[in-house]
Asker: 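Pasting a structure here, questions to come.
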Amino acid sequence: MSGRLNGKRAVVTGGARGIGAAIVSRFRDEGAEILLTDIDPAAAEAASRELKVPYFVQDVSSEDDWRSTLDEAHRRFSGFDVLVNNAGLGDLSGKDSPETAQLDDWRRMFTINTEGVFIGCREAIPVMAESGGGSIINLSSIAALVPTPFLTAYGASKAAVMQMTKSIALHCAQNGYKIRCNTIHPGQIRTPMHDKLMEDTAKLAGAPFEAVRDDYLSRIPMGEFGDPADIANAALFLASDEARFITGSRLVVDGGMNLVN
Ligand code: NAD
């Protein structure tokens, strides 16, 4: 099947690499018009060239940046129907345990992962409502569902995204906005963020990288790491009209990790 997003206009944050880039690529192949945003100008430009979609430099934790991003989407597409709040921070250089996480790091995690998503939703809702509705997809994590002691602040920031998403979904439905809002919960997906997490874990434990990778793998019943394309496929479904009756739900894409951890 192709053309599942024909006529849709999407903004994808953190689209320069990893899961975000895979979502941009999949959406483009299915006919969407896309604005890719990222905080890293060089990476955004490179991704834009490779994926052949326009880009805009944006820090998702800045209200001003959100307003100019949505202005840019309006200038290019006269509004938009899909917002993917994908940009996120996962890395505290291995110092995210209940005994090591520092308050400044904790706040940085919430500023980007939670407030960034909140501002995006708040600013997008009136624009989407005005143009007849749409789909908001927020990237949460398996760490919002499964206690992960070495990801204390990260897990909390992603659990907040999950609960916020349900409140937004209910608010939009009850106000007749026709805006659906859902979370995706990736498990362990091979991206620059995931590689860095395993490298930091190995460094802190003084263990070989391969031993850490095998330990991480042993927690996934399906026995392999996910691919960014697995998350892009889930996002495609939620963005499309096939998901027209789905709101406030959690789509877990983790090879069964939540079943055993
Ligand atoms: P990544 O680090 O590989 O890519 C994240 C992108 O977001 C980068 O291009 C980065 O420049 C951008 N970014 C970071 N801070 C930003 C900011 N303030 N404003 C705008 N852009 C910013 O990460 P990924 O692995 O592709 O993860 C994407 C999303 O999925 C994140 O929200 C992450 O928490 C979530 N997630 C990932 C995994 C995984 O295993 N990779 C698991 C669970 C959840």
Side-chain angles (χ1 to χ4, degrees), residues 11-26 35-48 50-51 55-66 68-69 83-93 96 107-120 137-146 148 150-151 153-162 165 183-201 213 216-217 219-220 224-232 234-235 250-255 257-258 261:
V11 174
V12 180
T13 71
R17 58 173 78 89
I19 290 170
I23 292 172
V24 169
S25 167
R26 192 78 174 96
L35 183 63
L36 174 166
T37 83
D38 206 282
I39 197 171
D40 180 337
E45 192 191 351
S48 158
E50 192 190 325
L51 299 168
Y55 77 96
F56 194 73
V57 177
Q58 174 201 25
D59 176 353
V60 294
S61 64
S62 156
E63 291 183 297
D64 285 348
D65 279 14
W66 265 111
S68 30
T69 298
L83 170 63
V84 184
N85 281 307
N86 163 77
L89 179 71
D91 165 39
L92 290 185
S93 299
D96 193 9
R107 288 181 181 137
R108 191 159 58 95
M109 195 66 96
F110 269 76
T111 301
I112 295 171
N113 287 2
T114 312
E115 291 176 25
V117 172
F118 166 67
I119 305 165
I137 300 164
N138 293 334
L139 269 288
S140 179
S141 170
I142 180 78
L145 306 172
V146 170
T148 313
F150 58 92
L151 294 175
Y154 177 78
S157 73
K158 292 295 187 176
V161 168
M162 176 176 70
T165 300
T183 43
I184 296 178
H185 298 253
Q188 299 193 56
I189 311 297
R190 285 305 296 269
T191 66
M193 180 189 284
H194 189 256
D195 285 344
K196 176 85 171 43
L197 183 65
M198 289 195 293
E199 279 160 21
D200 286 343
T201 307
R213 187 197 54 210
Y216 274 44
L217 265 177
R219 301 174 205 198
I220 308 172
E224 58 178 305
F225 293 125
D227 189 86
D230 296 318
I231 307 304
R250 310 181 304 202
L251 185 42
V252 183
V253 186
D254 70 346
M257 194 175 160
N258 74 95
N261 286 276

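One-based numbering, in listed order, for ligands and for the atoms of each.
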Asker: Whether the side chain of Ser61 engages the backbone of Thr111 through a donor-acceptor N/O pair (distance < 3.5 Å, no angle test) should be reported.
Answerer: no
Asker: Does the pair Thr13 and Asn85 meet the rule for a side-chain contact (heavy atoms from CB on, under 4.5 Å), with working shown?
Answerer: CA-CA 6 Å; Thr13 71; Asn85 281 307; 4.3 Å; yes
Asker: Quick test: of every protein heavy atom, which one is nearest to atom 21 (N) of ligand 1, and how far off is it to 0.1 Å?
Answerer: Ile39 N, 3.3 Å
Asker: Would you check the N or O atoms of Gly20, main chain and side chain alike, for any that come under 3.5 Å of an N or O of ligand 1?
Answerer: no
Asker: Which residue holds the protein heavy atom closest to atom 6 (C) of ligand 1, what is that atom called, and what is the gap in Å?
Answerer: Gly14 O, 3.7 Å
Asker: Give the numbers and elements of all ligand 1 atoms closer than 4.0 Å to a heavy atom of Ala87.
Answerer: 7 (O), 20 (C), 21 (N), 22 (C), 32 (O)
Asker: Do me a favour and list the nearest non-hydrogen protein atom to atom 4 (O) of ligand 1 with residue, atom name and distance?
Answerer: Arg17 CG, 3.7 Å
Asker: Would you mind finding which of Met198, His194, Met193 brings a heavy atom closest to atom 27 (O) of ligand 1?
Answerer: Met193
Asker: Is the shortest heavy-atom distance from the side chain of Leu139 to the side chain of Val84 under 4.5 Å?
Answerer: yes
Asker: Which of the numbered atoms in ligand 1 are under 4.0 angstrom from any heavy atom belonging to Gln58?
Answerer: 19 (N), 20 (C)
Asker: Please could you name the atoms of ligand 1 that Gln188 approaches to less than 4.0 Å, counting only its heavy atoms?
Answerer: 40 (O)
Asker: Could you check atom 18 (N) of ligand 1 against the protein and tell me its nearest heavy-atom contact, residue, atom and distance included?
Answerer: Asp59 OD1, 3.0 Å
Asker: With heavy-atom distances below 4.0 Å as the criterion, list the atoms of ligand 1 near Gly18.
Answerer: 26 (O)
Asker: Heavy atoms, side chains only, cut-off 4.5 Å: are Asp96 and Met109 in contact?
Answerer: yes
Asker: Tyr154 heavy atoms, cut-off 4.0 Å: which ligand 1 atoms fall inside?
Answerer: 33 (C), 34 (O), 35 (C), 36 (N), 43 (C), 44 (C)
Asker: Would you mind checking which non-hydrogen protein atom is closest to atom 24 (P) of ligand 1, with the distance to 0.1 Å?
Answerer: Thr191 OG1, 3.7 Å
Asker: Is the shortest N/O to N/O distance between Ile189 and ligand 1 below 3.5 Å?
Answerer: yes
Asker: Give me the nearest non-hydrogen protein atom to atom 5 (C) of ligand 1 as residue plus atom name, then the distance to 0.1 Å.
Answerer: Gly88 O, 4.2 Å
Asker: When you measure from the side chain of Asn113 to the backbone N and O of Lys158, does any donor-acceptor pair fall under 3.5 Å?
Answerer: no
Asker: Heavy-atom contact under 4.0 Å between Ile112 and ligand 1?
Answerer: yes
Asker: May I ask you to decide if Asp59's main-chain N or O and Asp65's side chain share a donor-acceptor pair within less than 3.5 Å?
Answerer: yes
Asker: Is Ser140 close enough to touch ligand 1? Criterion: a residue heavy atom under 4.0 Å from a ligand atom.
Answerer: yes
Asker: Would you indicate which of Gly187, Gly90, Gly116 comes nearest to atom 38 (C) of ligand 1 when only heavy atoms are counted?
Answerer: Gly187
Asker: Looking only at protein heavy atoms, identify the closest one to atom 11 (O) of ligand 1 and say how far it is in Å.
Answerer: Asp38 OD1, 2.6 Å
Asker: Short N/O distance, under 3.5 Å, between Lys158 and ligand 1?
Answerer: yes
Asker: Measure up the His194 and Tyr216 rings against each other and bin them: parallel (under 30°), tilted (30 to 60°), perpendicular (over 60°).
Answerer: perpendicular
Asker: Salt bridge (Lys or Arg N to Asp or Glu O under 4.0 Å) between Arg190 and Asp195: does it pass, once the steps are laid out?
Answerer: CA-CA 7 Å; Arg190 285 305 296 269; Asp195 285 344; 2.9 Å; yes
Asker: Are the side chains of Met162 and Leu145 in touch, meaning some heavy atoms are under 4.5 Å apart?
Answerer: yes
Asker: Please confirm whether Leu89 comes within less than 3.5 Å of ligand 1 when only nitrogen or oxygen atoms on both sides are compared.
Answerer: no
Asker: When you compare the side chain of Ile220 with that of Gln188, does any pair of heavy atoms fall below 4.5 Å?
Answerer: yes
Asker: For Phe110 and Ala160, work out which heavy atoms get closest and say how close.
Answerer: CE2-CB, 4.3 Å
Asker: Which protein heavy atom lies closest to atom 31 (C) of ligand 1, and at what distance to 0.1 Å?
Answerer: Asn86 O, 3.2 Å
Asker: I need the minimum non-hydrogen distance between Val253 and Asp230, along with the two atoms involved.
Answerer: CG1-O, 4.1 Å
Asker: Counting each atom of ligand 1 from 1 as listed, which ones have a heavy atom of Pro192 under 4.0 Å away?
Answerer: 3 (O)
Asker: For Leu197 and Leu151: C-alpha separation, side-chain torsions, deciding distance, then whether side-chain contact (heavy atoms from CB on, under 4.5 Å) applies.
Answerer: CA-CA 10 Å; Leu197 183 65; Leu151 294 175; 3.9 Å; yes
